[in-house]
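Reading through the structure tokens given below for one structure.
Order of the sequence lines fixes the chain letters, A, B, ..., with proteins taken first and strands second; residue numbering starts at 1 for each chain.
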4 protein chains.
Amino acid sequence: MTGASVPSSPKWRRRADARPAEIVKAAYAVFAEKGFAAARLDDIAKRAGISKGALYLYFETKQDIFEAVVKDAVAPNIGAIESFALGFPGPFEQLIRMMIPQVADLANQSDMGKVIKMVIGESGNFPEIARIWHADVIAKGIGLLTSVIARAQERGEVRPGDPRQHALSIASPLLVAVIFRETFVPVGAKPFDILCLMQQHLDNLLPGLLTSPRT
Amino acid sequence: MTGASVPSSPKWRRRADARPAEIVKAAYAVFAEKGFAAARLDDIAKRAGISKGALYLYFETKQDIFEAVVKDAVAPNIGAIESFALGFPGPFEQLIRMMIPQVADLANQSDMGKVIKMVIGESGNFPEIARIWHADVIAKGIGLLTSVIARAQERGEVRPGDPRQHALSIASPLLVAVIFRETFVPVGAKPFDILCLMQQHLDNLLPGLLTSPRT
Amino acid sequence: MTGASVPSSPKWRRRADARPAEIVKAAYAVFAEKGFAAARLDDIAKRAGISKGALYLYFETKQDIFEAVVKDAVAPNIGAIESFALGFPGPFEQLIRMMIPQVADLANQSDMGKVIKMVIGESGNFPEIARIWHADVIAKGIGLLTSVIARAQERGEVRPGDPRQHALSIASPLLVAVIFRETFVPVGAKPFDILCLMQQHLDNLLPGLLTSPRT
Amino acid sequence: MTGASVPSSPKWRRRADARPAEIVKAAYAVFAEKGFAAARLDDIAKRAGISKGALYLYFETKQDIFEAVVKDAVAPNIGAIESFALGFPGPFEQLIRMMIPQVADLANQSDMGKVIKMVIGESGNFPEIARIWHADVIAKGIGLLTSVIARAQERGEVRPGDPRQHALSIASPLLVAVIFRETFVPVGAKPFDILCLMQQHLDNLLPGLLTSPRT
DNA sequence: AATGAATGAGCATTCATTCAT
DNA sequence: CATGAATGAATGCTCATTCAT
């Protein structure tokens, strides 16, 4: 009763146990490959190095695991870009040009591609997940871009037009390239170099999107 | 695909030739809603107004039905647009401006939206289907646009740059809007007006993509 | 109404229609290969060159067809041998020696081998068939041999002993060779030459079975 | 194989090692009664006192269970008889006279009777099983007898002639009696007393098969 | 916390049988 | 007579979930 035998940190009910994260990681791989329905808990457990029964110590149902996988991929990276973009003092063109490599890198490195494939494929069966992803990723991403554009329009840097549509104008090739990579490249399609693609895209787009600085 | 599949005849209609199409139609609806694995043959049969066993008079396996659904969404309209585009005598800008409403219409009316969602979601489990869709739709569509662009570049109408990336520059918002509509609009997202979106997109894009005729 | 348009023969209700016989023949082949349960009516119909539905014009159920096949193989050949054996005036040894080639020939030529395999295999599911075959073939065959032996014993030609067991002593190698041929030869076993086997068997057996003519 | 398979324990017994044997035992009973195709996994599971799904913890397919049943009936006793026979120092007649009760006992007690009925009936559908049984039981059994005979011929104890045919001469009544018991006795046929039959058979056969020691 | 044997509902597929034509 | 489309019950197999240990 000296008090040392229980964790003193009150913040975490359950100590920083690695298990749930390992399970989510394993589940991510299996769900990404098979989709929700075709994924087998057996495989997830095996990949996580635990027994099938142990999954139920951390999650209530298969669906819970799936949701954890999908939600886990949501949080991390939007925040950084968001604060960077909203705090950026320079002109719109410069911001966009700087953001592109970051975002392309994110698209290349993160698991978001596989996750978005899952979200698209299972949205019919898991509206909740579609809702979460829409709220936390899609709407937030598009919203960020939209508000950046809207502010640039206010400053006269970007020509008039629905800023949300402008946002799609800018970002779509990236999204398509990611989906393309996850869906068709594995069956032999030639991939796109995302950074290169986006730079060429901006070269195409910006002349029309930006207001000519001197007229 | 309106879902009004209640048979009006006694209970038993003799028209062996119409059956496969009816089945594919019913299966389309079920697969689109549930995905491949979660779709039940019972539901498909019920929706087609026949017994489960009767499905097997026309298809060998569930997968065959799925493939028929996916292939069925392929054929119809690519050909028409293709011959129109390749035979078009006028300048590139005019061609693109004329094609957009056609393609937007196709995107709005056909079943392609739900099917592409399925293709993305099930590509991991059915590489064959991903392959078919890549070959018959994606590669063909992008290829068409790519070759139109390449020819315009030869005529000096379009600025240099990888024409395949140019094609993605042009078409991506359409694809993203379709996927967005199938995935997030059902859970409350505000849809894009595809025609409007694409026109604004072209207004953004063409100034930079086309070589300014007089400078 | 001249009377010529209907068959004049009153003996056959249904004209000598070849159909049922053709069906039985086709069914024989399929049942012999697959057994009762694994045989498909589709295959039988196809082999008989008619539609599956037409089978039901001649037979009520699959089981009826099976029984027809098995019963059909019963009748033909026992009778001839029976009357020959029972009417044979000479000594037992001569009778047996003369019968062996006939019976071996029957075993080699007829379908009885395949049918007996079916009877053995399906006897659990079709006791009726086992009963018929026992009554019409097995009991009759063994009974014939038994009574021939019994008469020979009465004449002092065959040594004492249960004549039914004597019958099995004589006939068993033939039966085993037939079953062996149907069961193991198709998977590579070396077949027995039935006639040769039986002659050697009689050479072994008769010295002990017959009473030595001079003692 | 007594059929008293009602579980006496609560409902759920932990003995993963005993399970396969229990399943095979239950499956033996069901297969023996119905044949392979007509046997239902439900019945096997019920008889084994477990759920249908549990079968698949121990066997991959129905066919695997069937093969386990058939192989299980192979192993036990051939080996013992084999070593006994090959090591026997005395004369052929004595060996045979001693073996008969053993073998008759085996035929009366073991499951081999029902299994051989199954092998015969299903050989068309499971060539592999026919092959196994031929290799492990039939060929081995006949081969044993054949080599014993051949050695006796070398010693001049048995008269010339194909020793494999001699083997069939000797053993056939046993086999026929077993098949007869499984097939026709259940429908009312009078069974053979196998030991008695075989002794009478040997009394018939040996005088002709052995070379008369003194003439 | 962890295991893994066991469950049982669920589903794709087959096929004998029926029946409108 | 004949067809062959249609049925629907039957069954092998799967897998998320439970629970005694």
Side-chain angles (χ1 to χ4, degrees), chain A residues 14 17 19 36-46 49-66, chain B residues 9-19 37-45 48-65, chain C residues 14 17 19 36-46 49-66, chain D residues 9-19 37-45 48-65:
Chain A
R14 183 187 283 161
D17 194 0
R19 273 289 148 75
F36 176 80
R40 286 183 297 130
L41 252 17
D42 263 319
D43 290 345
I44 294 174
K46 198 168 300 172
I50 60 175
S51 72
K52 194 164 45 159
L55 292 177
Y56 285 82
L57 298 172
Y58 302 96
F59 298 92
E60 302 257 310
T61 65
K62 184 187 186 184
Q63 184 165 341
D64 284 342
I65 301 178
F66 185 63
Chain B
S9 327
K11 167 193 185 176
W12 200 77
R13 297 165 299 177
R14 164 148 322 246
R15 39 186 168 122
D17 40 346
R19 275 288 144 78
R40 286 182 298 127
L41 250 13
D42 262 320
D43 290 344
I44 294 175
I50 60 176
S51 70
K52 197 167 36 162
L55 294 177
Y56 287 84
L57 297 174
Y58 303 97
F59 297 92
E60 305 251 312
T61 64
K62 185 185 185 185
Q63 183 167 343
D64 282 343
I65 301 179
Chain C
R14 184 187 282 161
D17 194 0
R19 271 290 149 72
F36 177 79
R40 287 182 297 130
L41 250 18
D42 263 318
D43 290 345
I44 294 174
K46 198 167 297 169
I50 60 176
S51 72
K52 194 165 44 159
L55 293 177
Y56 285 84
L57 299 172
Y58 302 96
F59 297 92
E60 304 255 312
T61 65
K62 184 187 186 184
Q63 185 166 340
D64 284 342
I65 302 179
F66 185 63
Chain D
S9 327
K11 169 195 184 175
W12 199 77
R13 297 166 297 176
R14 164 143 327 240
R15 39 187 169 122
D17 40 346
R19 275 289 143 77
R40 286 182 297 126
L41 251 12
D42 263 321
D43 290 345
I44 294 175
I50 60 176
S51 72
K52 196 168 37 160
L55 294 177
Y56 287 84
L57 297 174
Y58 303 97
F59 298 93
E60 306 252 312
T61 65
K62 187 186 183 184
Q63 183 167 342
D64 282 343
I65 302 180

Next item on the list: Tell me whether the OP1 or OP2 atom of dA2(E) has a side-chain N or O from Arg19(A) closer than 4.0 Å.
Entry: yes
Next item on the list: Using a cut-off of strictly less than 4.0 Å, decide whether Tyr58(A) has a side-chain nitrogen or oxygen near OP1 or OP2 of dA2(E).
Entry: yes
Notebook entry, point to check: In chain order, what residues pass the salt bridge (charged side-chain N to carboxylate O under 4.0 Å, His left out) check against Lys52(C), with sequence neighbours excluded?
Noted result: Asp42(C)
Please state how far atom [atom1] in [X] lies from atom [atom2] in [N], giving the value in whole angstrom units.
{"X": "Phe59(C)", "N": "dT17(E)", "atom1": "CZ", "atom2": "P", "value": "13 Å"}
{"X": "Asp64(A)", "N": "dT17(F)", "atom1": "CG", "atom2": "C1'", "value": "13 Å"}
{"X": "Leu55(D)", "N": "dC13(F)", "atom1": "CG", "atom2": "C1'", "value": "10 Å"}
{"X": "Lys46(A)", "N": "dT3(E)", "atom1": "NZ", "atom2": "P", "value": "14 Å"}
{"X": "Ile50(B)", "N": "dG4(F)", "atom1": "CD1", "atom2": "P", "value": "19 Å"}

Notebook entry, point to check: To the nearest 0.5 Å, how far apart are CD1 in Ile44(A) and CZ in Phe66(A)?
Noted result: 10.0 Å
Checklist line | Point-to-point distance, once rounded to the nearest 0.5 Å, from CD1 of Ile65(C) to CG of Leu55(C) | finding: 5.0 Å
Next item on the list: Could you summarise the pairing of DNA chain E as dot-bracket text, marking Watson-Crick and G-U pairs under 3.5 Å with ( ) or [ ] inside the strand and | across strands?
Entry: .||||||||||||||||||||
Next item on the list: Test side-chain contact (heavy atoms from CB on, under 4.5 Å) on Leu57(B) and Ile50(B) and set out the steps.
Entry: CA-CA 11 Å; Leu57(B) 297 174; Ile50(B) 60 176; over 6 Å; no
Note to self: Output one letter per nucleotide in nucleotides 9-16 of chain E: B when a protein non-hydrogen atom lies under 4.0 Å from the base, S when only the sugar-phosphate is that close, - when neither is.
What the structure shows: -BSBBBSB
Next item on the list: Check side chain to side chain donor-acceptor pair (under 3.5 Å) between Arg40(D) and all other residues, then give those that pass, not counting sequence neighbours.
Entry: Asp43(D)
Margin query: If the condition is side chain to side chain contact (heavy atoms under 4.5 Å, CB included), which residues does Ala37(B) pass it with, not counting sequence neighbours?
Written below: Ala37(A)
Next item on the list: Not counting sequence neighbours, which residues clear side chain to side chain contact (heavy atoms under 4.5 Å, CB included) with Thr61(B)? List them please.
Entry: Gln63(B), Asp64(B)
